[in-house]
Q: 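Sharing a structure with you now.
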Amino acid sequence: MCGEKLRSSTATSLHVAAFCVVVAATIIGVQGSHKVYPELQSLPAEKVDETHRTGYHFQPPKHWINGIFCPMYFNGLYHLFYQYNPKGSVWGNIVWAHSVSKDLINWQALEPAIEATKPFDIKGCWSGSATILPGNKPVILYTGVDKHNRQVQDYAVPTNLSDPYLRSWVKPSKGNPFIDPDRSVNASAFRDPTTAWFVNGEWHTVVGSKRDMVGVAYLYTSKDFKKWVRAKEPLHSARGTGMWECPDFYPVSPTGRRGLDTSALGKEVKHVFKVSLDLTRFDYYTIGVYDKEKEKYVPDLGSVDSWAGLRYDYGNFYASKSFFDYKKHRRVLWGWANESDGEARDKDKGWAGIQLIPRKVWLDPSGKQLLQWPIKELEMLRSPDPRKLNSKVLKHGRHVEVDGITGAQADVEVTFSFRSLDRAEPFDPKWADLPAQDVCHQKGSTVPGGLGPFGLLTVASEKLEEFTPVMFRVFKKGGKHVVLFCSDATSSSLAKGLYKPSFAGYVDVDVSKTKKISLRSLIDHSVVESFAEGGKTVITSRVYPTLATGTKARLFLFNNGTEEIEVDKLTAWNMGKPVMNVPLNKGASIN
Ligand SMILES: *[C@@H]1O[C@H](CO)[C@@H](O)[C@H](O)[C@H]1NC(C)=O
Ligand SMILES: *[C@@H]1O[C@H](CO)[C@@H](O)[C@H](O)[C@H]1NC(C)=O
Ligand SMILES: *[C@@H]1O[C@H](CO)[C@@H](O)[C@H](O)[C@H]1NC(C)=O
Ligand SMILES: *[C@H]1O[C@@H](CO)[C@H](O)[C@@H](O)[C@@H]1NC(C)=O
């Protein structure tokens, strides 16, 4: 829907992005696409500033984290491995930290699973994935940076399969690295092996790379999971997209919400291919067909590779990874959000990076996009006495407080309705060539409209000196309507020097039929994750209020359009705090 037309204009922002990378590189260096601050990377936090720490999102007690978060379900427990700097709050000294959970919400921390110790990973153990082999044997595939600074693909296995927590992992010298970059591969851009799948009697994995500006997913196959051979052709590639980080490739069922095992095939099954584009630092996916004879993935017509295509999240969301949850037969997606307040602040805060709430993903009945929804388990944190509103009218120019809840740590579900679409503003043809984000920037909450802007004002101070609107605006375009969904950080904080984008996406919904639109926002101190229309369009913003902190944060409803909006139904819950990465001592059992 946000279609190919966007291509020309985003090509401009691409040049800008590429330019920034070059500038940054000359000042501070770039390692595997993370900025490197040598003087900060081994500076342990003396204290941790709690002001903007999250209450129910995944975080270690301190220091830097980044994706890929390698998730796995094994013998009744969920495992999460993540890229972690044990010595500082910027990227560096990366280890594979390891946490376990019974429910994906409460987590306990174990010792790191993988550290840089061997010639084949001595300069770094970077992202990867987990695969459960027949006989219930987990194996981790990851990128090691070897002593020659080459990116190679390594594996690790648990030392004791009877240990329910899989505390200890080994990287055998025999068979590592299992993939060396051959001459035709750029060994400085060759990483993130993905969960292996089994087809045609062989295991398959892909590794992200680039050739000049062509993004590439190199395909490797193996009969025994030991000796791997590169296929003649990549699984997929696309011109002009630059480095493909963190590829993810998985089947989705054409009907229903059940997830499929990564090796599941079948005539009806569709596939999703996702990459994290280093040039724009966002995650994009296409939906298509996996041709297992030709060993090729082919996106459906209209499903576009690159920044003209679909995103899991139109906000701060990168290096995501999905896994098949054997316990609940669903596919669960994890994404990482970085900070927007700069590395100097991160050093002072003593922490950087959060893991977003895991989302169940499945194919929309249209077959054209995915739907995402926070996993059901999150609801265990909802307070038993939610605040409810029904049939509340929002007149033009009004905002109304949703009182009785903590605006800093909440889960809000709301449905808005309206009587007519007559007042929808015309969609300016010039906007067809702009990213939605630019339209939202021009048409913020303070710019009065016809049908919208209306929605929530999250993490707001009492007098609205600070607020982050999560809002809709409906436009007329031809005989149809276009729904713009925004999460605008422009007024989120009075602090200077923050990155405050007006993140936005369009929602593929025909509101002329329903005259309704729904929204769910997960608010957690410095993050707002919002799901429009049952998870059709999702946006995550990071915010750093100075006034709207802790108990001072409020939640409002607002309408700045001339058409009256009715809040059909609103339910807002205070959210509790789960167990978050409390160490699980040797000999103890998980709660
Ligand atoms: C493996 O784990 C089991 C269960 O925790 C334990 O009883 C056993 O001693 C462990 N084996 C070794 C060799 O550490
Ligand atoms: C290989 O990748 C690195 C890192 O992105 C890049 O700087 C270099 O130009 C690439 N080399 C070639 C030959 O494309
Ligand atoms: C609504 O629009 C008015 C007029 O521009 C503005 O003063 C007010 O701040 C807007 N409300 C919000 C919540 O942005
Ligand atoms: C997160 O930080 C902002 C502000 O510094 C950058 O603009 C983003 O590119 C960055 N995102 C990622 C995924 O690194």
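Heavy atoms only: backbone and side chains are in, while hydrogens, waters and symmetry mates are out. Note that ligands are numbered from 1 as they come in the structure, with each ligand's atoms numbered from 1 the same way.
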Q: Would you call the rings of Y73 and Y326 parallel, tilted or perpendicular, taking 30° and 60° as the class edges?
A: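 Correct class here is tilted.
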Q: Which bit of H34 is near ligand 4, meaning a heavy atom under 4.0 Å away: side chain, backbone, both or neither?
A: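 Neither part.
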Q: Using a strict cut-off of less than 4.0 Å between a Lys/Arg side-chain nitrogen and an Asp/Glu carboxylate oxygen, indicate whether E115 and K171 qualify as a salt bridge.
A: no
Q: So, for W244 and F273, is the gap between ring centers shorter than 6.0 Å?
A: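 Between W244 and F273, the centre distance is under 6.0 Å.
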Q: When you compare ligand 4 with R281, is there at least one nitrogen or oxygen pair between them that comes in under 3.5 angstrom?
A: yes
Q: On the 0 to 90° scale, with breaks at 30° and 60°, tag the F531-W373 ring pair as parallel, tilted or perpendicular.
A: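 Answer is perpendicular, since the angle exceeds 60°.
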Q: Going by heavy-atom distance to atom 1 (C) of ligand 1, choose the closest among L166, N160, L161.
A: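 It is N160 whose heavy atom sits nearest to atom 1 (C) of ligand 1.
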Q: Under 4.0 Å from any heavy atom of Y318, which atoms of ligand 4 are there?
A: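 So the answer, numbered in order with elements, is 13 (C).
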Q: Show me which atoms of ligand 1 lie under 4.0 Å from any heavy atom of D163.
A: 2 (O), 5 (O)
Q: Which residue holds the protein heavy atom closest to atom 4 (C) of ligand 4, what is that atom called, and what is the gap in Å?
A: Y499 CD2, 3.5 Å
Q: Does atom 9 (O) of ligand 4 have any protein heavy atom closer than 4.0 Å?
A: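 Yes, there is a protein heavy atom closer to it than 4.0 Å.
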Q: How far is atom 5 (O) of ligand 4 from its nearest protein heavy atom, and which residue and atom name does that atom have?
A: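 Ranking protein heavy atoms by distance from atom 5 (O) of ligand 4, first comes E339 O, 4.6 Å.
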Q: Please compare M213, Q151, K210 and report which has the shortest non-hydrogen distance to atom 5 (O) of ligand 2.
A: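 Minimum heavy-atom distance to atom 5 (O) of ligand 2 goes to K210.
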Q: Identify, for atom 3 (C) of ligand 2, the protein heavy atom at the shortest distance, and state residue, atom and that distance.
A: N186 ND2, 3.6 Å
Q: What about Y82 and F58, are their ring centers closer than 6.0 Å?
A: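 Yes, close enough.
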Q: Hey, what's the ring geometry for H79 with F81, parallel, tilted or perpendicular (30° and 60° as the breaks)?
A: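 Plane angle under 30°, so parallel.
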Q: Under a plain distance cut-off of 3.5 Å, with no hydrogens placed, do N338 and N66 share a side-chain donor-acceptor pair?
A: no
Q: Just to confirm, does any protein heavy atom lie below 4.0 Å from atom 7 (O) of ligand 1?
A: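 Within 4.0 Å of atom 7 (O) of ligand 1, no protein heavy atoms are found.
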Q: Counting non-hydrogen protein atoms only, what is the nearest one to atom 4 (C) of ligand 1? Give residue, atom name and distance.
A: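 Ranked first by proximity to atom 4 (C) of ligand 1 is S162 O, 3.5 Å.
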Q: For the residue pair W126 and H34, is the inter-centroid distance of their aromatic rings smaller than 6.0 Å?
A: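 Between W126 and H34, the centre distance exceeds or equals 6.0 Å.
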Q: For N338, is at least one N or O under 3.5 Å away from an N or O on ligand 4?
A: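 Yes - when backbone and side-chain N and O of N338 are compared with those of ligand 4, one distance drops under 3.5 Å.
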Q: Determine whether the side chain, the backbone, both or neither of M243 has a heavy atom under 4.0 Å from any heavy atom of ligand 2.
A: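 Contact part for M243 vs ligand 2: neither.
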Q: T490 and H441: side-chain contact (heavy atoms from CB on, under 4.5 Å), yes or no, with the steps?
A: CA-CA 8 Å; T490 307; H441 192 67; 4.3 Å; yes
Q: Verify the contact flag for atom 14 (O) of ligand 2, where contact means a protein heavy atom under 4.0 Å away.
A: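 Yes.
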Q: Side chains of E111 and H98: donor-acceptor distance under 3.5 Å anywhere?
A: no
Q: Within 4.0 Å of atom 11 (N) of ligand 2 (strictly less), any protein heavy atom?
A: yes
Q: Going by distance only, is there an N or O of D212 that falls short of 3.5 Å from an N or O of ligand 2?
A: no
Q: If you define the side chain from C-beta out and look only at heavy atoms, does anything of V207 sit under 4.5 Å from Q151?
A: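 Side chain of V207 against side chain of Q151, heavy atoms only: no contact under 4.5 Å found.
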